[in-house]
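Read the structure below first, then the notes.
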Amino acid sequence: MLKLKKFGAISMMLAAVLSLTACGGASSTSDTQGKTTVSVWHYWDGANADIFDKKVKAFNASHKNIEIKTTNVPNADFLTKLRASATSNTLPDMAIGDLIWMPQMAQIGKSADLKKLLNTEVIDNINPALKNFGSIDGHLVSVPMSANNLAYMYNRTVFKKAGLDPDKPPKTWDELKQIAKQIKDKTGLPGYDLPTEAGDSGEALTWNFQVNLWQAGGEFLKKDNSAAAFNTPAGKKAANFWMDLIKSGVSPYAGWGKFEKGQGGSAQEGSWMVGIWAADPPFDFAAAQLPTPEGGKASTNLGGEQAMLFNNDDAKVKAAAEFVTWFLQDKQVLDWCESTGFLPATKSAANNAEYRSWVEKKEPRLLPYIEQMATAHTRPNTKLYPQISLAFAKEMEKAFSGEVNVDTALKNAEKAVNDVIAQGK
């Protein structure tokens, strides 16, 4: 915020009012120094927030006519505060949030069509699955600022204690079950972490289960998101895979979280954990591509953060688009990924020879995640997804806790999800 001296002049009082307005959401086109000020909300904290602010500082230094100002909004409060800012007409110029929030954020209104603001080269270079997720009703309402997915992560020390070769992670579901059982039998530790409880949002269970559902050849919702599609032989196969792990004792119900504490053998973990643990790993860990079922196909779940721009005024939205264009250049994408452990959201960065060389030499544990980007799926692109995820997880938890059988859980989950969809139309 500008610090104005007290001259007592009415013109200076007006400038102060305009300056205060610029620090919030929608505001005047430029600040008192002639710069276009762009307000950006994001939920990154810790090292990721520091790295993002460093990138913003570099952009501001190289773009004298634009000043990006960032505000950290806690994850749990983000959507609530964004909706409140829309009601009070103080929307930020850009909001960077979880990929699955984009349909809800678009509902707020005033989202800019990025097809009209970004050049074709920038748009065509975005990972196809992420670009498709940002497309709503024929408009490109968001673009990715980061990407992540899930892979098989394991504790090399625990593998050795269990008499397993830490350089030979499982490649199939059957191998995973055998290895997890050996870990349990030899060390007493859970062999494979599974989020079997619905929790507050259900998303941990749903997000992880979808991977095995896709691997078995199933789908979560119909293509038009009009109804559940998981109550099928593929859905039953994925659910029974989880039940086998739970019943054998290698994935105890309500036991999720042991692996990250060094008290488990392996887990389906996100690429962000490589970034978090890179500098100071809590134990000797490694990563591999996710095991697949016999006759199944490679698949993982794609996540990350996307940026949505709001039409507060023409100069601001154009300046925000200039920042996004800059951020999605290979140089910036690769610096961001190398610093945070996020995955490249653009095709050229993912295939960049220097980046691959850096990964192989400096952080080979990221390689499985990068390779899996080619088979990564996005979750359903619908504003109802949060309610759908919770409804699904609540019913499936009943199978994993032993209250009902798999067939009943899938049937009840199908009804619960379809009810959410019907009520939301």
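Just so you know, these numbers use all the heavy atoms, side chains as well, and skip hydrogens, waters and symmetry mates.
- Between Asn132 and Thr378 there is no side-chain heavy-atom pair separated by less than 4.5 Å.
- How far CG of Asn148 is from OG of Ser271: 4.5 Å, rounded to the nearest 0.5 Å.
- Residues Tyr355 and Pro344 form a side-chain contact, since some pair of their non-hydrogen atoms from C-beta on lies under 4.5 Å apart.
- For the atom pair Glu371 CD and Asn149 CG, the distance stands at 11.0 Å (nearest 0.5 Å).
- Within a 6.0 Å radius of CG in Asp165, other residues, nucleotides and ligands contribute more than 12 heavy atoms.
- Rounding to the nearest 0.5 angstrom, the gap separating the CD1 atom in Ile100 from the CE atom in Met105 is 12.0 Å.
- To the nearest 0.5 Å, atom CD of residue Gln423 and atom CD of residue Gln387 are 9.5 Å apart.
- With Asn418 contributing its side chain and Ala228 its backbone, the two residues share a donor-acceptor pair below 3.5 Å.
- Glu269 has its side chain out of reach of Val274: every pair of non-hydrogen atoms, C-beta onward, lies at least 4.5 Å apart.
- Side-chain atoms of Gln215 and Ser299 include no donor-acceptor pair closer than 3.5 Å.
- For the pair Lys181 and Asp185, the salt-bridge criterion is met [side-chain N within less than 4.0 Å of a carboxylate O].
- Side-chain atoms of Leu130 and Leu302, non-hydrogen and from C-beta on, do get closer than 4.5 Å to each other.
- Shortest non-hydrogen contact noted between Pro166 and Arg156 is O-NH1, 3.2 Å.
- Not a single donor-acceptor pair under 3.5 Å links the side chain of Ser357 to the backbone N or O of Glu354.
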Let's go through Asp77 and Tyr43 carefully: what are the C-alpha distance in whole Å and the side-chain angles of both, what is the deciding distance for side chain to side chain contact (heavy atoms under 4.5 Å, CB included) to 0.1 Å, and is it a yes or a no? CA-CA 9 Å; Asp77 302 329; Tyr43 62 39; over 6 Å; no
Evaluate side chain to side chain donor-acceptor pair (under 3.5 Å) for Gln104 paired with Tyr385, printing each intermediate quantity in order. CA-CA 9 Å; Gln104 296 174 80; Tyr385 181 78; over 6 Å; no
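- Aromatic pair Phe230/Trp214: ring centres not closer than 6.0 Å.
- Aromatic rings from Phe259 and Phe283 are positioned such that their centres are separated by under 6.0 Å.
- For the pair Gln306 and Gly134, the tightest heavy-atom approach, listed with the atom from each and the gap, is OE1-CA, 4.0 Å.
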Take Thr70 and Phe52 through the test side chain to side chain contact (heavy atoms under 4.5 Å, CB included) and record every step on the way to the result. CA-CA 9 Å; Thr70 63; Phe52 183 65; 3.7 Å; yes
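- In Asp224, the CG atom is crowded: over 12 heavy atoms of neighbouring residues, nucleotides or ligands sit closer than 6.0 Å.
- Taking each heavy atom of Leu290 and Gln372 in turn, the nearest pair found is N-OE1, 2.8 Å.
- Between Trp336 and Phe342, the ring-plane angle classifies as tilted under the 30° and 60° cut-offs.
- Shown here for Lys168 and Ile179, the closest heavy-atom pair between the two residues is O-CD1, 4.2 Å.
- The two residues Gly265 and Phe159 make their nearest non-hydrogen contact at O-CE1, 4.1 Å.
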Full working for salt bridge (charged side-chain N to carboxylate O under 4.0 Å, His left out) between Asp193 and Lys258: CA-CA 7 Å; Asp193 246 352; Lys258 296 288 187 182; over 6 Å; no
Which is it for Asp93 and Ser39 under the side chain to side chain donor-acceptor pair (under 3.5 Å) test, yes or no, and what are the steps along the way? CA-CA 5 Å; Asp93 303 307; Ser39 57; 3.1 Å; yes
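- For the 3.5 Å distance criterion, the side chains of Asn301 and Gln210 qualify, holding a donor opposite an acceptor.
- In this structure, Trp44 has its ring center at least 6.0 angstrom away from the ring center of Trp272.
- Once rounded to the nearest 0.5 Å, the distance linking CD1 of Ile66 with OG1 of Thr37 reads 10.0 Å.
- A donor-acceptor pair under 3.5 Å links the side-chain atoms of Asn312 to the main chain of Leu91, judged by distance alone.
- Checked against a 6.0 Å centroid threshold, the rings of Tyr253 and Phe400 do not count as neighbours.
- In this structure, Lys55 and Asp335 have side chains that are in contact, with non-hydrogen atoms separated by less than 4.5 Å.
- Rounding to the nearest 0.5 Å places OG1 of Thr206 at 10.0 Å from CD1 of Ile388.
- In this structure a side-chain-to-backbone donor-acceptor pair under 3.5 Å is present from Ser401 to Lys398.
- No donor-acceptor pair closer than 3.5 Å links the side chain of Asp113 to the backbone N or O of His139.
- Although no hydrogens or angles enter the test, the distance criterion places no donor-acceptor pair under 3.5 Å between the side chain of Ser226 and the main chain of Lys222.
- A parallel orientation is assigned to the rings of Phe59 and His63, their planes being inclined by less than 30° (bins at 30° and 60°).
- Without hydrogens or angle criteria, Asn240 side chain to Met243 main chain gives no donor-acceptor distance under 3.5 Å.
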Lys415/Asp419 under salt bridge (charged side-chain N to carboxylate O under 4.0 Å, His left out): CA gap, chis, key distance, verdict: CA-CA 6 Å; Lys415 182 182 184 305; Asp419 285 348; 2.9 Å; yes
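- One finds a salt bridge joining Arg379 and Glu203 here, because a Lys/Arg side-chain nitrogen approaches an Asp/Glu carboxylate oxygen to under 4.0 Å.
- Looking at Gln289 and Tyr369, their side chains never bring a donor and an acceptor atom within 3.5 Å of each other.
- Judged by distance alone, the side chain of Thr196 and the main-chain N or O of Ala254 form a donor-acceptor pair under 3.5 Å.
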Donor-acceptor pairs under 3.5 angstrom involving side-chain atoms of residues 116-124: please list them, not counting sequence neighbours.
residue: Asn119; atom: OD1; partner: Glu121; partner atom: N; Å: 3.1
residue: Asn119; atom: OD1; partner: Val122; partner atom: N; Å: 2.9

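- What you find for Asn208 and Ala204 is that their closest heavy atoms are ND2-O, 2.7 Å.
- Defined by atom type and a distance below 3.5 Å, a donor-acceptor pair is missing between the side-chain atoms of Asn231 and Lys411.
- Ionic pairing of Lys318 and Asp314 is not present here: no N-O contact between side-chain nitrogen and carboxylate oxygen is shorter than 4.0 angstrom.
- Side chain of Gln332 to main chain of Leu328: no donor-acceptor pair is present (N/O by atom type, distance under 3.5 Å, no hydrogens or angles).
- Contact of the Val406 side chain with the Leu410 side chain is registered, since non-hydrogen atoms from C-beta on lie closer than 4.5 Å.
- Tested against Trp173 for a ring-ring contact (aromatic ring centres under 6.0 Å, His included), the candidates Phe241, Tyr192, Tyr152 yield a single pass: Phe241.
- A salt bridge is defined here as a Lys NZ or Arg NE, NH1 or NH2 lying under 4.0 Å from an Asp or Glu carboxylate O, and Lys394 with Glu397 fails to meet this definition.
- Note: Phe392 and Phe220 have perpendicular aromatic rings, judged against thresholds of 30 and 60 degrees for the angle between ring planes.
- Side chains of Ser348 and Asp330: a donor on one and an acceptor on the other come within 3.5 Å.
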Derivation of the side chain to side chain contact (heavy atoms under 4.5 Å, CB included) call for Leu82 and Trp101: CA-CA 11 Å; Leu82 195 65; Trp101 294 349; over 6 Å; no
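- Phe285 carries Arg365 over the face of its six-membered ring, with the cationic atom under 6.0 Å from the centre and within 45° of the normal.
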